[in-house]
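The structure appears right after this line, and notes come after that.
Quick note: numbers below take in every heavy atom, side chains included, and nothing from hydrogens, waters or symmetry partners. Lettering of chains follows the sequences in order, A, B, ..., and the numbering in each one begins at 1.
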2 protein chains.
Amino acid sequence: MTMSTSDEPLLRGDLFAEACPSREVLRHVTSRWGVLVLVALRRGTHRFSDLRRVIGGVSEKMLAQTLQALEADAIVLRVAHPVVPPHVEYSLTPLGREVAERVQDLADWIEGSMPVIEQARRKSGAQPARLG
Amino acid sequence: MTMSTSDEPLLRGDLFAEACPSREVLRHVTSRWGVLVLVALRRGTHRFSDLRRVIGGVSEKMLAQTLQALEADAIVLRVAHPVVPPHVEYSLTPLGREVAERVQDLADWIEGSMPVIEQARRKSGAQPARLG
DNA sequence: CTGTATCCTCTTAGATACTG
DNA sequence: CAGTATCTAAGAGGATACAG
C-alpha cells in the first residue's frame, strides 16, 4: 500500500499493513470474549463448560470460535481426552501466558483509570463516544 | 496457581459486565485505527492530515470517529486553532501516554512473537483462525 | 459433554460526495 | 484543512437445532 513519505514505519513489523497477521492476533486476544478467556485461563486449566459458566453470557458458538482462534495462534492449548462423554481441557501455552499477562495489564489499567476517564467525560460534557 | 471454583469475579471491575464502560475504552484503544493513532501520537503532536498520511489507508470518517472516541475517553487531546483554513492539533494526554505505552507493549510483543506463532501454525497444520 | 450448522439481526467499515 | 452525511456491503454475534 502507499504509505509514509519519508518517515520510518510506525511499527517495526507489519501491524500497519493491510493483510496483517499480527493485527489478526491482536483482534483475537483483545476481542470481547478473548480477553475474558485469557483472564480465566490464567487461573488454570478449564473445561469448555467451566469457561462458559465462569464467563457468563458467552454463547457456545462464540466461545468455540474464540478458543479455536487462540488455539491456532498457539496461545491456548486444547487437550481432548478420548472418553465418553467427551472431556476437553483448555489451558494457556507458555506463549499464551506471556500475552495474557500483557492483556490483563492493559485491562487492569483501564479499569483502574475508569474513574478518571468518567470524571473527564463529565467535566467536558462529552458523551461516551462510539466507534462506528 | 489456584483453580478457581466459581466465587470471585474474573476482574475486580466490570470488564465482565454486559454494559461495560471499560470494555468500551478497551475497544477504542485496541481498534484497528486506535492502535495506530496511539502509536503515531506517542511521537508527538500531529494534525488531522498528518495522521491520515502517517497512518496510510484510513478513511476520513474512521480517523475522525477514532479520534473523537479517544478524545471523549480523555486519552487524546484536541486543540483547534481558530484560523482559516482550520488548524487542529492532536496529542496524547498524560492518561493517553500511559495507555499508549501498554498498547504498544502488547502490539510489540505480538509482532515479536509472530514468527513463533506462524511456525506453530505450520507445525500443527492449523489455518489462521478467524473470529466470526 | 463438546461441539457444528443454520439462520437471522444489528453493528461496523469504507467509499463517495458534500460543507464551513 | 478538517471534517459531516449518506449509502452499501461485510462481519460480529446470538438463537436454535442437531450430531458424535
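- Following rounding to the nearest Å, B/Arg53 (CZ) and D/dA2 (C1') show an atom-to-atom distance of 15 Å.
- A donor-acceptor pair is defined here as one N or O able to donate and one able to accept, closer than 3.5 Å; such a pair exists between the side chain of A/Thr93 and the backbone of A/Ala74.
- Side-chain N or O atoms of B/Ser113 include none that pairs as donor or acceptor with a backbone N or O of B/Val116 at under 3.5 Å.
- For the OP1/OP2 pair of C/dG3 and a distance below 4.0 Å, the side-chain nitrogens and oxygens of A/Arg78 include at least one atom meeting the criterion.
- Going from atom CG of A/Leu63 over to atom P of C/dC1 covers 14 Å, rounded to whole Å.
- Taking side-chain N and O atoms only, B/Trp33 has no distance below 4.0 Å to OP1 or OP2 of C/dT12.
- In summary, B/Asp50 and B/Arg53 engage in a salt bridge, as defined by a charged side-chain N under 4.0 Å from a carboxylate O.
- Neither OP1 nor OP2 of C/dC1 sits under 4.0 Å from any side-chain N or O of A/Tyr90.
- Rounded to whole angstrom, the span from the CD atom of B/Gln68 across to the P atom of C/dA13 amounts to 13 Å.
- Between A/Arg47 and the phosphate of C/dC1, there is no side-chain N or O to OP1/OP2 separation shorter than 4.0 Å.
- If you measure from atom CE of B/Met62 to atom C1' of D/dT6, you get 15 Å, rounded to the nearest angstrom.
- Applying the under-4.5 Å side-chain rule to Ile, Leu, Val, Met, Phe, Trp and Tyr, the cluster around A/Leu77 extends to A/Val79.
- Atom CG in B/Leu51 sits roughly 9 Å away from atom P in D/dA2 (whole-Å rounding).
- Without hydrogens or angle criteria, B/Ser31 side chain to B/Gly34 main chain gives a donor-acceptor distance under 3.5 Å.
- Regarding contacts with the backbone of C/dA13, every side-chain N or O of B/Arg32 stays at 4.0 angstrom or more from both OP1 and OP2.
- Taking side-chain N and O atoms only, A/Arg27 has a distance below 4.0 Å to OP1 or OP2 of D/dA12.
- You'll find the side chain of B/Arg97 stays beyond 4.5 Å of the side chain of B/Glu101, heavy atoms only.
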Practice task
Let me have a per-nucleotide readout for nucleotides 15-20 of chain C, 5' to 3', with B, S or -, counting only protein heavy atoms under 4.0 Å.
Solution key: B-B--B
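- Spacing between atom CG of A/Leu67 and atom P of D/dG13 amounts to 14 Å, rounded to whole angstrom units.
- Residue A/Phe48 contributes atom CZ, which lies 11 Å from atom C1' of C/dT4 at whole-angstrom precision.
- The CD-C1' distance, from B/Gln65 to D/dG3, rounds to 12 Å in whole Å.
- In this structure, the side chains of B/Val29 and B/Asp73 stay at 4.5 Å or more apart for every pair of heavy atoms.
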